[in-house]
Amino acid sequence: MEIAMVVTLIITLLTGFSQEQNLLPPGPINKEVGANVLFTTISSPEPVRAIRWQFNGIEVITYNPPEPETMNPNYHGRVSLNYSSGDLELKGLTMSDSGQYTLILTYQSGLGFQDHTLLQVFEPVIVINITSPEGNLIEYSNATFTCEGNGTISTTVWMKDYKILAPSSSIQFLDDNRTMVISPVKRSDSGNYQCVMSNPVSTSISHYSIVVNYGPDVRIFGAQTLEEGSDILLLCSPDSVPPAAITWTVKGTSAGNAPLYVTENSNPSDSGDYKCTCWNNVTGITTSAVQVLTVRAVSSRLGPGVEAGITLGVTAAVLILVGVIYFLIKRSK
Ligand SMILES: *[C@@H]1O[C@H](CO)[C@@H](O)[C@H](O)[C@H]1NC(C)=O
Ligand SMILES: *[C@@H]1O[C@H](CO)[C@@H](O)[C@H](O)[C@H]1NC(C)=O
Ligand SMILES: *[C@@H]1O[C@H](CO)[C@@H](O)[C@H](O)[C@H]1NC(C)=O
Ligand SMILES: *[C@@H]1O[C@H](CO)[C@@H](O)[C@H](O)[C@H]1NC(C)=O
Ligand SMILES: *[C@@H]1O[C@H](CO)[C@@H](O)[C@H](O)[C@H]1NC(C)=O
Ligand SMILES: *[C@@H]1O[C@H](CO)[C@@H](O)[C@H](O)[C@H]1NC(C)=O
């Protein structure tokens, strides 16, 4: 006998029959419903004489010649045993096959060993639906989103633009993350969200776009003081989703609905309050901003040609200013 075997035999005699030994790779083994599993044994040092497999302590199959092989009737047609290695194949897995499998091997020498491994069977996971509050989402309200799935759901995570969302002062996750509560929702919460459900054998993702309606926040851009003869150019810029409806009121009189208010060749009587009123039809909010404008009389009259030149120059300057500001606003969004 080899020395290793003598040592093993002595250990067996000292500690009793069927000692624990690495016969199976460490588990758990994860499989999907309907799949097959092959429990492969680590190659044995000597020929195998008897094999016993148990599931959660219940007999599956016993091979111990010359006695006839015995098999639990529940496994008929579903298992096959490799008599030389002890490998067991189990076909057509169901959820109830999840559990502990124990292998007891007896070698020709009479030495017996046992080991066990865990099998976990999972239903494939599928995200079915993301549900959101009824109607339009309005800034500063509370909103609850629910991710519905089917199958064995081990984990659920919510992402925004594929970045996992963590709980914060405004986001809460309930019911094993299936429910996401944003309180309150802000305009910055608009965007593309994903709900990802997974288990060790499958993953499913669903997309959801959130639009937070807000505003209008109204600002007016343009000069507050002008020289007589120059053009009045005022830009009303409401920050609003959906876009707000604009109304200009000049010195108490309704004056158009375009974002840009223009009066050419102004004179001191154009001085006064320029009010822009904006209405968001979804949030139902109406907000106004007022620009107080002064058109100064020019005391020393210049020739008509020079005056036209100045007017053009001022107009160009204001247009460029409005353009730059407009661009900056758009870019800062
Ligand atoms: C039994 O297992 C041995 C060792 O893993 C392998 O070589 C052999 O092909 C297997 N036999 C069958 C019938 O699968
Ligand atoms: C998703 O949920 C909504 C709201 O409960 C429902 O109206 C819709 O039919 C669901 N869609 C699917 C595919 O189940
Ligand atoms: C939103 O939820 C917070 C708690 O998270 C609560 O204090 C607040 O009253 C809720 N607001 C609305 C409009 O339901
Ligand atoms: C959910 O899973 C059950 C059982 O696995 C299945 O019968 C049902 O058809 C599934 N429903 C959907 C919508 O996938
Ligand atoms: C819930 O989500 C967090 C990330 O926000 C994740 O770390 C955790 O594993 C999730 N839990 C479950 C049960 O899905
Ligand atoms: C609200 O206004 C937007 C554009 O400003 C328009 O497209 C939409 O149809 C309006 N919705 C309602 C409900 O009036």
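Indexing begins at 1, ligand by ligand and atom by atom, following the structure's order. Values below: every heavy atom of this structure, side chains too, minus hydrogens, waters and symmetry copies. The model shown is predicted, which means the values in this text are computed figures rather than measured ones.
- Residue contacts with ligand 3: N142 is placed with a nitrogen or oxygen under 3.5 Å of a nitrogen or oxygen of the ligand (distance criterion only).
- Across N136, N281, N280, heavy-atom proximity to atom 6 (C) of ligand 6 is greatest for N281.
- In summary, the atoms of ligand 6 found under 4.0 Å from a heavy atom of P243, numbered by their order in the structure, are 5 (O).
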Determine whether D239 and R187 satisfy the following criterion, salt bridge (Lys or Arg N to Asp or Glu O under 4.0 Å), listing intermediate values before the conclusion.
CA-CA 11 Å; D239 188 5; R187 59 193 73 180; 3.5 Å; yes
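- For E264, the CD atom is loosely surrounded, since the number of other residues' heavy atoms within 6.0 Å does not exceed 12.
- The only option from L81, L38, T40 that meets the side-chain contact (heavy atoms from CB on, under 4.5 Å) definition with E89 turns out to be L38.
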Run the disulfide bond (SG atoms under 2.5 Å apart) test on C147 and C195 for me, step by step, so that the C-alpha distance in whole Å, both residues' side-chain angles and the decisive distance to 0.1 Å come before the verdict.
CA-CA 7 Å; C147 188; C195 170; 1.9 Å; yes
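- Taking a distance limit of 4.0 Å, we find that atom 2 (O) of ligand 1 is approached by some protein heavy atom.
- The heavy-atom pair separating S170 from P184 by the smallest distance is CB-O, 4.3 Å.
- Closest to atom 5 (O) of ligand 3 among all protein heavy atoms lies S183 OG, 3.3 Å.
- In this structure, the protein non-hydrogen atom closest to atom 4 (C) of ligand 1 is S85 CB, 3.9 Å.
- Annotation for D97 and G92: closest pair OD2-O, 4.3 Å, computed over non-hydrogen atoms.
- Less than 4.0 angstrom separates atom 9 (O) of ligand 6 from none of the non-hydrogen atoms of the protein.
- The nearest non-hydrogen atom to atom 12 (C) of ligand 1, considering only L38, N82, T41, comes from N82.
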